[in-house]
Amino acid sequence: MRSIFTALLVTGLLSLGSTQVGAQQQTTSTPAKKKWTVLVFINGNNNLDSYGAEDINEMEEVGSSADVNVVVQWASYKAKTTKRLLVAKDNDIMKVTSKILVDMPRVDMGDYKELTKFLEWGMTNFPAEHYFVDVWNHGNGWKNRKSEAARNISYDDYTNNSITMPQLRMSLEAAQALAGKKIDIYGSDACLMNMVEVGTEIAGAVDIMVGSQETEPGDGWPYETWLARWNEKAMTSPVDIAKALTDTYIESYEDKAGSGVTFSVIDLAQMGPLNDSIKAFTAELMPMVAAEKLNFKKAIYSSANYYNTDYVDLMSLLAQMKTSVAAVSALQTGALVNENLSKAILYNKVYDHEANGLSIWAPYYVNTYTQSAARYNELKFQQATNWGAFLSGILK
C-alpha cells in the first residue's frame with residue numbers, strides 16, 4: 001500500500017475540505033488523435049482521498065498539451081459521485097478546475113469492470129497513437145484481499161473490493177483490443193507492484209511496466225515535474241517517458257526523512273524468456289531441496305526485501321542462493337536467469353534503499369506460503385515457472 005505515514009514525514013496532509021472542484025459539467029466531441037493519452041484511475045475511496053485532489057492539482061500545473069491528453073477518473077471518499085475529467089492547465093493549486101466531462105453516481109473503484117469502462121471511454125473520446133494507463137491507489141503486489149495488509153490494487157473502502165492481478169490483466173486486454181495494439185505503458189501509482197508475478201500477468205497486453213518494488217509515500221508520483229519534463233523534452237519514446245517518470249519520482253524524495261524509495265522500468269517483452277529460464281532453473285534446484293532446505297531459507301532471509309517481507313528482490317535472491325548453496329554457482333540456468341533479468345530491467349533507480357528492479361514472492365515462513373499458495377497457483381507466473389513448487393519444497 002502507499003505509505004500514508006511515511007508521507008506525513010515528507011509533507012502535511014491537505015485538509016479534505018480545502019480542495020474544491022469546479023462545478024462545470026460538459027460532454028465533449030471526440031478530439032483529433034494526439035500522440036499520447038494518459039489515463040489515470042484515481043481511487044480515493046479510502047484514506048488516500050486527499051492525495052487524489054492534490055495530484056490532480058499537480059497535473060493542472062501543466063495540463064494536457066498539443067501532444068498529450070491527461071484524462072482522469074476520480075473517486076473521492078467524501079463525494080457522492082465519480083467524475084471524469086480532461087485535465088487543463090490552471091494557476092490554482094488548491095482547487096480542481098478542469099471541466100467535469102462525466103459525473104456519475106458513485107462507482108465501485110475496486111471493480112475491474114469500472115476500470116475497463118474508464119479505459120474504453122478514455123480511448124474512445126481521446127484517441128492517441130500511444131497510451132499510458134496509471135492505476136492510482138493502495139497496492140499490495142499480486143496478493144488477494146484476505147486482510148487489510150493483503151489487497152491487490154485499488155482498494156474501495158465502500159465496497160471492500162479491490163482489483164486482482166488476473167482482473168487487471170482482463171481490463172488491460174480489453175483496452176489492448178480497442179487500441180488494436182498493446183498498451184504502451186502501464187504504471188501503478190501504488191505500493192509494491194513491480195514484481196515478476198505482476199509483470200507476467202499483464203505482459204500479453206502491455207509493452208512497458210513502471211512502478212515501485214517498495215511502498216510509496218502518500219504523495220505518490222510528482223505529476224507536475226514529470227509532465228513538465230515530458231513537455232520540455234518533447235518526448236515521444238515510451239522508454240524515455242518511463243525513464244523521465246523514474247528520474248522525477250526519485251528526485252522528489254531525495255534528502256527527505258524516511259523516504260527510501262525505489263522505481264523501475266520493465267520491458268514486458270522479456271518476461272517470456274525470463275520465465276523460461278526461471279522454469280529451467282527451478283527444475284535444477286528441486287533435487288537440491290532435500291539436502292539444502294536450510295541454506296535456501298537462509299538465502300531468502302538474507303535477500304533484500306520490502307514492506308511485505310515475503311517480497312524479495314529477485315537479483316538479490318539469486319546472488320544469495322549462490323552464496324548459501326555452493327552447487328547453485330555452477331548452474332548455467334541460474335546465469336541465464338540473471339542475463340534475462342538484466343534485459344527485462346530497462347531502468348532502475350533508488351534512494352536510500354536496495355532494489356534492482358523486480359521482486360518475487362519468496363516467503364520465509366511456511367504459514368505465509370500456505371495462506372496464499374492456492375491463489376498463487378492461479379497466476380500466470382506460477383503456471384509458467386513452477387516457482388511455487390520450489391517454495392513448497394523448502395518450506396514444508
Side-chain angles (χ1 to χ4, degrees), residues 26-42 55-56 58-74 82-90 98-102 112 114-136 168-189 202-211 221-246 248-249 265-269 346:
Q26 295 188 7
T27 56
T28 180
S29 58
T30 304
K33 181 180 284 189
K34 291 188 179 181
K35 290 182 179 178
W36 280 88
T37 291
V38 182
L39 297 157
V40 190
F41 190 70
I42 295 184
D55 279 351
I56 296 172
E58 289 179 2
M59 297 174 203
E60 288 182 336
E61 291 186 41
V62 179
S64 300
S65 69
D67 291 331
V68 181
N69 298 307
V70 182
V71 182
V72 173
Q73 176 157 314
W74 179 26
T82 302
K83 300 168 176 61
R84 290 174 176 168
L85 316 170
L86 173 65
V87 176
K89 181 178 173 61
D90 72 12
S98 297
K99 292 179 181 178
I100 301 168
L101 303 180
V102 180
Y112 79 98
E114 297 298 337
L115 172 60
T116 303
K117 291 176 187 175
F118 167 60
L119 297 181
E120 291 177 342
W121 174 86
M123 294 169 68
T124 299
N125 288 280
F126 301 97
E129 297 172 22
H130 305 282
Y131 294 98
F132 188 131
V133 174
D134 169 10
V135 176
W136 179 110
L168 177 64
R169 169 178 49 79
M170 287 189 282
S171 287
L172 293 169
E173 285 174 344
Q176 174 196 16
L178 184 60
K181 67 182 193 69
K182 288 185 178 182
I183 301 303
D184 296 87
I185 308 174
Y186 166 77
S188 302
D189 191 356
I202 66 173
V206 176
D207 285 329
I208 292 172
M209 178 176 75
V210 297
W221 296 359
Y223 288 94
E224 74 285 23
T225 312
W226 171 49
L227 292 172
R229 191 167 300 181
W230 185 345
N231 288 346
E232 175 190 354
K233 303 291 185 182
M235 297 174 185
T236 57
S237 161
V239 174
D240 288 344
I241 290 163
K243 286 182 176 180
L245 175 56
T246 305
T248 53
Y249 177 81
V265 180
I266 308 302
D267 181 359
L268 295 184
L346 294 175

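We number each residue from 1, following the sequence as shown. The model shown is predicted, which means the values in this text are computed figures rather than measured ones.
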Enquirer: Do you know which two heavy atoms are closest between Ala242 and Ile208, and how far apart they sit?
Expert: CB-CG2, 4.4 Å
Enquirer: Could you measure the distance from the CG atom of Asp189 to the OH atom of Tyr249? Nearest 0.5 Å is fine.
Expert: 8.0 Å
Enquirer: Tell me whether Lys181 at atom NZ has more than 12 heavy atoms from other residues, nucleotides or ligands lying less than 6.0 Å away.
Expert: yes
Enquirer: Mind checking the CG-CG spacing from Asp267 to Leu346? Nearest 0.5 Å is all I need.
Expert: 4.5 Å
Enquirer: Between Ile100 and Leu85, is there a side-chain heavy-atom distance shorter than 4.5 Å?
Expert: yes
Enquirer: Using 30° and 60° as the class limits, which term best fits the ring planes of Phe132 and Trp230: parallel, tilted or perpendicular?
Expert: tilted
Enquirer: Just verifying a value: how many Å separate Gln176 CD and Arg169 CZ, rounded to the nearest 0.5 Å?
Expert: 11.5 Å
Enquirer: Hey, is the main chain of Ala88 close enough, under 3.5 Å, to the side chain of Ser98 for a donor-acceptor pair?
Expert: yes
Enquirer: Would you check if Ile56 and Val40 make a side-chain contact, meaning some heavy-atom pair closer than 4.5 Å?
Expert: no
Enquirer: Considering all heavy atoms of both residues, which atom of Tyr131 and which atom of Ile183 are nearest to each other, and what is their separation?
Expert: O-CG2, 3.6 Å
Enquirer: With side chains defined as the heavy atoms from C-beta onward, is the minimum distance between Asp184 and Trp36 less than 4.5 Å?
Expert: yes
Enquirer: Are the charged groups of Arg229 and Glu232 less than 4.0 angstrom apart, N to O?
Expert: no
Enquirer: Count the heavy atoms of every other residue, nucleotide or ligand shown that sit under 6.0 Å from NZ of Lys35, and state whether that count exceeds 12.
Expert: no
Enquirer: Considering non-hydrogen atoms only, spot the tightest contact between Gly63 and Val70 and give its length.
Expert: O-CG2, 4.3 Å
Enquirer: Which atoms form the tightest heavy-atom contact between Met123 and Ala179, and what is the distance?
Expert: CE-CB, 3.3 Å
Enquirer: Within a strict 4.5 Å, meaning less than it, do heavy atoms of the Thr82 and Gln73 side chains meet?
Expert: yes
Enquirer: Aromatic rings Phe118 and Trp121: how do their planes relate, parallel, tilted or perpendicular, breaks at 30° and 60°?
Expert: parallel
Enquirer: Report the distance from atom CD of Glu120 to atom CG of Leu178, rounding to the nearest 0.5 Å.
Expert: 6.0 Å
Enquirer: Is there a side-chain contact (heavy atoms from CB on, under 4.5 Å) between Val265 and Leu245 once you walk through the steps?
Expert: CA-CA 9 Å; Val265 180; Leu245 175 56; over 6 Å; no
Enquirer: Which heavy atom in Met235 sits nearest to a heavy atom in Ala244, and how many Å separate them?
Expert: CE-CB, 3.6 Å
Enquirer: Less than 4.5 Å apart, side chain to side chain, heavy atoms only: is that true for Leu268 and Tyr186?
Expert: no
Enquirer: Roughly how far, to the nearest 0.5 Å, is the CG atom of Asp67 from the OG1 atom of Thr236?
Expert: 9.0 Å
Enquirer: With no hydrogens and no angle check, is any side-chain donor or acceptor of Ser188 less than 3.5 Å from a backbone partner on Val135?
Expert: no
Enquirer: Do side-chain atoms of Lys89 reach the backbone of Ser65 as a donor and acceptor pair under 3.5 angstrom?
Expert: no
Enquirer: Which of these, Ile185, Val68, Val210, sits in a side-chain contact (heavy atoms from CB on, under 4.5 Å) with Ile241?
Expert: Ile185
Enquirer: Hey, what do you get for CZ (Arg84) to CG (Asn125), rounding to the nearest 0.5 Å?
Expert: 8.5 Å
Enquirer: At their closest point, which heavy atom of Val71 faces which heavy atom of Leu86, and how far apart are they?
Expert: CG2-CD1, 4.0 Å
Enquirer: Examine distances only and state if a side-chain atom of Glu60 and a backbone atom of Asp90 form a donor-acceptor pair shorter than 3.5 Å.
Expert: no
Enquirer: Less than 4.5 Å apart, side chain to side chain, heavy atoms only: is that true for Lys233 and Asp240?
Expert: no
Enquirer: Starting from the C-alpha separation in whole Å, work towards a yes-or-no answer on side-chain contact (heavy atoms from CB on, under 4.5 Å) for Met170 and Thr116.
Expert: CA-CA 8 Å; Met170 287 189 282; Thr116 303; over 6 Å; no
Enquirer: I'd like to know if the side chain of Thr37 reaches the main chain of Phe126, judged simply by a donor and an acceptor atom lying under 3.5 Å from each other, with no hydrogens or angles considered.
Expert: yes
